[in-house]
2 protein chains.
Amino acid sequence: MVFQPSGRRGKVAEGRTLLEASRELGVDIDSICGGRQSCGKCKVRVEEGRFEKLNISSRTSHLSAWELSENEFIDVNLKAEGYRLACAARLKGDVLVFVPEESRAGKQVIRKGPGEVAIELNPAVKIYHVELPRPSLEDPLGDFERLTRELGEIHGLKNMVIDYFVLLDLPDILRKGEWKVAAAVWNDREIIWVRPASVEEWWGLAVDVGTTTVAAYLCSLKTGRVHAIESMMNPQVTYGEDVMSRITYAMTHPRTGLKEMNRFIIEGLNDLIFQAAKTGGIDQEEIVDMTLVGNTTMHHLLLRIDPQYIGSAPFTPALHRAMDLKARDLGLKINRSAYVHILPIEAGFVGADNVGVLICGEPYRKDEIHLIIDVGTNGELVLGNKERLVSASCATGPALEGAQITFGMRASPGAIERVKIDPETLEVNYKVIGQESWSQNSKPGKTETKGICGSGILDVLGELYRTGIVDKTGAFNRDLDIPRLRTNSEGTPEFVIAWSQETSIGRNIVVTQHDIRQIQLAKAAIYAGAKLMMRHLGIDRVDRVLIAGAFGSYIDREEALTIGMLPDIPIERIVSVGNAAGDGARIALLNREKREEAGWIARQVEYMELTTNEAFQDEFVAALHIPHARDKFPHLKGIVPDEILNQ
Amino acid sequence: MVFQPSGRRGKVAEGRTLLEASRELGVDIDSICGGRQSCGKCKVRVEEGRFEKLNISSRTSHLSAWELSENEFIDVNLKAEGYRLACAARLKGDVLVFVPEESRAGKQVIRKGPGEVAIELNPAVKIYHVELPRPSLEDPLGDFERLTRELGEIHGLKNMVIDYFVLLDLPDILRKGEWKVAAAVWNDREIIWVRPASVEEWWGLAVDVGTTTVAAYLCSLKTGRVHAIESMMNPQVTYGEDVMSRITYAMTHPRTGLKEMNRFIIEGLNDLIFQAAKTGGIDQEEIVDMTLVGNTTMHHLLLRIDPQYIGSAPFTPALHRAMDLKARDLGLKINRSAYVHILPIEAGFVGADNVGVLICGEPYRKDEIHLIIDVGTNGELVLGNKERLVSASCATGPALEGAQITFGMRASPGAIERVKIDPETLEVNYKVIGQESWSQNSKPGKTETKGICGSGILDVLGELYRTGIVDKTGAFNRDLDIPRLRTNSEGTPEFVIAWSQETSIGRNIVVTQHDIRQIQLAKAAIYAGAKLMMRHLGIDRVDRVLIAGAFGSYIDREEALTIGMLPDIPIERIVSVGNAAGDGARIALLNREKREEAGWIARQVEYMELTTNEAFQDEFVAALHIPHARDKFPHLKGIVPDEILNQ
């Protein structure tokens with residue numbers, strides 16, 4: 001079979017779905033639900049059978065019969081054109097499949113940038129230069145003991161051990177270096193690298209394994225500076241965009257699912273390592289330390305631990321504590337004897353990424369009450385100060401990452417990331433990732449627009465509300481008579497953000513009533529979670545809100561306040577801290593005491609289970625309105641028109 | 001090509017020697033020198049080329065030309081029969097090769113039996129049974145922390161870690177066992193095995209890797225009892241019988257030699273593990289601990305460390321200290337997460353086997369001055385008591401193991417292990433391994449005699465001297481007129497131990513003047529080493545002599561005294577302690593405090609380098625005579641005839 005436009009081809013066993021075939025042949029087809037025919041993102045057009053022009057009926061005869069579930073995502077016209085869901089259609093013969101642009105899982109380009117965090121340099125791996133006395137009949141001490149004697153006498157290191165594979169090369173390296181060598185020592189304890197020459201600079205890699213995005217920071221362990229940043233889409237995305245899809249995939253494919261997903265992320269990390277070394281102009285062997293953060297599911301999949309028990313109550317992880325594993329045991333291609341430090345996790349849905357956020361933001365050192373929101377497919381919340389901290393996880397759904405939205409997409413080129421609506425003309429101006437200019441300053445058709453990503457989605461709701469196009473319940477104002485506000489074939493209203501001629505997909509990009517509801521659900525979950533945690537701590541205000549996440553780098557604080565995602569707080573007390581999880585990984589890489597601090601704080605934070613909390617449902621429903629209680633938002637005066645606030 | 005009588009056949013690349021071909025096809029051909037054409041043990045008879053009867057000239061045309069070095073071991077008659085050295089003849093075409101019985105490396109059958117040593121049971125790996133409370137929303141603690149919480153509360157274990165591969169299975173095992181499990185904990189610190197059921201008994205393997213013999217003791221870690229004993233020839237013997245041959249092989253085959261020899265011993269150990277488990281009726285997974293001893297060269301080869309630097313002054317090993325390695329990192333097939341404890345070594349030629357001997361004999365706890373002699377291809381000596389201990393190594397050569405002796409062989413069936421000579425008739429009576437009766441009580445031709453092993457060799461010299469057949473210089477008494485004392489084709493005398501009709505090789509088994517010299521060199525090395533060590537400690541007598549080694553189990557104390565191998569000591573103060581190195585491995589397996597003791601004593605023992613000691617040469621030369629100073633052996637009165645003592 002052949003996939004177009006990539007041209008990838010190969011033989012695939014009969015009975016496989018087109019989505020499975022695409023994985024085998026290395027073609028990226030978008031999938032949010034992980035092949036469960038529930039997201040509709042994997043639409044493809046079947047072009048030919050046996051590479052001949054055929055009529056529709058014979059074309060489909062090379063595939064399994066149409067399934068009812070496909071009706072939901074593919075209307076009669078598209079069906080006539082040969083559209084199928086790649087996860088529904090199974091191979092029965094040769095086919096040529098075209099993957100339309102909107103179904104392609106594009107390369108993620110938004111890098112989680114390293115935040116401006118001051119880190120005291122105290123890496124776990126340090127380099128020591130020593131010159132050893134040559135062995136003689138009077139002093140025939142063994143090579144290892146000769147090296148450690150010197151490390152002890154000159155550098156005060158005691159009770160050293162050595163990695164087995166380093167030992168194998170030690171005799172030759174000592175003699176090659178004529179007894180002048182550089183030794184890399186891990187945690188003052190284990191020799192993990194010996195070079196027959198001086199080592200001027202050595203390297204570590206901090207990695208944040210997100211559900212969607214994986215970001216790696218190559219740092220000098222000598223100076224602490226970031227030398228290269230690489231990011232990629234988590235290759236597991238093809239198994240589903242959220243953690244539950246992946247847990248489900250592992251459960252429904254008991255022998256293979258976990259192994260496959262593990263292999264995907266390990267291979268992906270090895271690609272990142274290769275790229276980071278290449279960009280940095282160094283050898284992979286020179287990377288002698290690595291830290292990893294990720295949510296609990298990513299953590300388990302990365303370690304090849306079955307995640308099924310974190311998927312259902314009581315959501316028990318396999319372990320909480322940090323691990324120091326040999327990179328080789330995980331299959332990671334940095335220095336063969338180097339360790340990987342995996343940060344501890346707090347609970348089934350509050351993972352090592354959140355621990356990274358904590359050691360980055362350090363609320364446990366502060367007097368001010370902090371609310372830290374890490375926005376991702378799963379929202380993770382931490383509330384408190386140095387006296388007490390609680391954490392919780394709320395299922396925001398993937399809407400804020402652009403999924404389960406009609407034209408939602410990840411933050412990749414072609415995605416609308418900013419939206420403004422003129423309150424007078426109700427005309428839309430938007431900005432697309434990959435384009436310099438906003439749409440009103442661009443030539444039509446030059447924006448390459450494909451869809452809307454999370455920050456754009458959030459803007460849309462804020463703007464629609466601010467301009468009165470939707471009311472506080474989130475319902476469209478049907479009295480407005482403007483071309484952009486239309487009624488679709490199902491009789492429900494939708495709002496056109498971009499006309500088809502402005503896009504590269506040839507269709508109007510709209511926001512539907514359903515989409516609005518998804519955003520309301522997401523923001524309400526965050527608000528309700530924060531509210532419940534505040535009640536749990538007996539407080540009615542917070543002093544500071546930190547918004548973290550790749551999404552957070554781009555969030556518009558005003559819009560977030562407008563739609564009521566955050567508790568009442570002056571706008572200047574909201575801080576966007578970027579990829580704090582990644583920064584936490586970097587901090588743990590550069591300062592080993594922070595690893596201990598992470599272990600300690602992971603145990604200290606009190607975990608609140610919201611999913612089983614009855615009060616959460618009440619708060620959640622109350623938070624669906626926009627803004628759910630206007631009298632609590634005096635600061636919105638001037639941002640939101642009075643007539644709307646007084647609605 | 002085909003080897004007879006085994007019938008092994010296969011295709012072998014042109015240019016390979018017959019010895020190399022034999023290894024490839026799994027045929028055991030004896031080789032002491034490791035293929036350097038210097039021992040003559042690998043004689044084979046070339047029968048046919050291309051499986052047709054051919055005359056001699058065409059027969060040899062399938063092999064490389066005759067080499068000068070072969071003249072030394074193959075006389076004209078044997079040459080005419082088609083004999084070649086397997087290490088000299090290289091393949092040029094198809095051949096059929098017959099391996100004569102005397103050239104076959106027979107299966108070693110002498111087991112190093114476990115000595116009668118009382119060991120306090122305190123294994124490194126202990127089993128704990130626990131029942132965990134099920135996780136709930138009120139107590140959603142992770143699986144690992146749930147297990148360690150219980151191990152801490154019930155058994156007082158703190159700061160536990162878990163092997164990565166055990167962690168991978170932990171969630172399933174806990175649930176399979178319905179939260180009642182057995183956990184194997186290594187050194188009170190690391191969980192290395194978790195079973196979803198109770199574990200009644202668990203196992204460890206103690207292994208002594210000798211240059212020639214490898215012995216393994218499968219022990220219950222619950223009761224300490226030895227459950228199975230397996231032994232085998234060290235498969236590296238094919239690369240040479242002594243440590244220097246193997247070091248040389250590694251040096252002359254820089255890319256492959258070390259790897260090959262390492263693979264041979266690891267595969268050999270895996271065979272032993274398989275056999276021990278089979279004999280013991282247990283699963284290899286149930287072997288959860290292992291200890292290893294061996295001389296420094298065996299230690300390095302086992303660990304895949306280049307041994308070249310222990311082969312020349314200043315004889316520096318890669319390391320001294322004990323190592324705890326994961327069995328999987330060495331490729332050993334016991335429980336995947338189990339450790340292997342490799343005992344420390346003292347010096348380049350005093351290895352972990354000697355440390356095993358030390359923790360077995362415990363001279364460092366004694367008031368009496370102990371002399372411990374571990375007889376092997378290399379003799380290792382320890383002298384002292386609780387105040388001070390010195391160790392040394394002396395190159396005894398392989399004579400005492402039956403090598404470099406005309407009819408020498410390893411202690412396997414067909415080897416003469418005991419010899420008595422009647423002082424009146426000068427007739428010989430001998431005992432053969434594998435036969436119940438002594439030769440004088442056996443039917444001629446029924447003894448299956450093939451050669452003489454170490455203990456037989458030692459007896460021969462004692463008996464020849466005691467009966468006046470050789471004098472104190474080791475020279476044959478040419479005045480004697482008996483059929484057994486003959487002059488060979490080179491004009492030198494030799495003594496017939498067994499007539500050809502009594503043997504299975506159809507040749508007279510003789511002891512030559514050269515053989516006598518080899519034994520004298522070996523016994524003199526031991527005596528001179530002991531003498532020098534005594535002088536070093538300023539003592540002129542020892543209180544106790546312990547003779548260790550597989551050889552030692554069989555040594556005749558009287559003969560050892562007769563030939564002057566030991567310093568002056570009453571015969572009742574000589575103790576044969578059997579395979580003390582293996583016992584040491586077993587002690588370390590069963591008692592972890594003994595491992596620390598081993599580490600401590602290995603550092604405490606003072607090492608004397610004899611090879612570079614000038615006084616050693618003088619002592620050595622003086623010790624060549626038998627007995628070298630008769631006035632020092634008053635106790636020999638009655639054992640050795642007066643006329644000989646007064647010679």
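Chain A is the first sequence line, chain B the second, and so forth, proteins listed ahead of strands; every chain is numbered from 1.
In this structure, the separation between CG on Asn159(A) and CZ on Arg321(B) is 8.0 Å, given to the nearest 0.5 Å. One distance of note links CG of Asp163(A) with CG of Asp329(B); it measures 8.0 Å at 0.5 Å rounding.
Contacts of Met608(B) with chain A are absent, with no heavy-atom separation under 4.5 Å from either backbone or side chain. Proximity to chain A involves both the backbone and the side chain of Leu303(B), based on heavy atoms less than 4.5 angstrom apart. Proximity to chain B is absent for every atom of Arg134(A), based on heavy atoms less than 4.5 angstrom apart. If you measure heavy-atom distances from Ile305(A) to chain B, the contacts under 4.5 Å come from both the backbone and the side chain. The contact between Leu141(A) and chain B is made by backbone and side chain atoms together, counting heavy-atom distances below 4.5 Å. Of the atoms belonging to Glu138(B), not a single heavy atom falls under 4.5 Å from chain A. For a residue to count as touching a neighbouring chain, one of its non-hydrogen atoms must lie under 4.5 Å from one of that chain's; by this rule Asp172(A) touches chain B with backbone and side chain alike.
Put simply, the side chain of His300(A) does not reach to within 4.5 Å of the side chain of Leu168(B), judged on heavy atoms. Taking the side chain as every heavy atom from C-beta outward, Val161(A) and Met323(B) never approach each other to under 4.5 Å. Side-chain contact check for Phe144(B) versus His320(A): every heavy-atom pair is 4.5 Å or farther apart.
Not one N or O on the side chain of Tyr164(A) forms a donor-acceptor pair closer than 3.5 Å with the backbone of Lys326(B). Proximity of a side-chain donor or acceptor of Glu609(B) to a complementary backbone N or O of Leu137(A) within less than 3.5 Å is not detected.
For the pair Arg175(B) and Tyr309(A), the cation sits on the ring face: its NZ or CZ lies under 6.0 Å from the ring centre, inside 45° of the axis.
Within a 6.0 Å sphere centred on CD of Glu178(B), heavy atoms belonging to other residues, nucleotides or ligands number 12 at most.
Among the candidates Arg328(B), Arg304(B), Arg146(B), the residue making the largest number of heavy-atom pairs closer than 4.5 Å to chain A is Arg304(B). Heavy-atom pairs under 4.5 Å with chain A peak, among Ala318(B), Ser136(B), Pro135(B), Pro171(B), at Ala318(B). The greatest number of non-hydrogen atom pairs below 4.5 Å with chain B, out of Thr612(A), Asp169(A), Leu167(A), Asp306(A), is found for Leu167(A).
Of all heavy-atom pairs spanning Pro140(B) and Pro317(A), the tightest one is O-CD, 4.0 Å.
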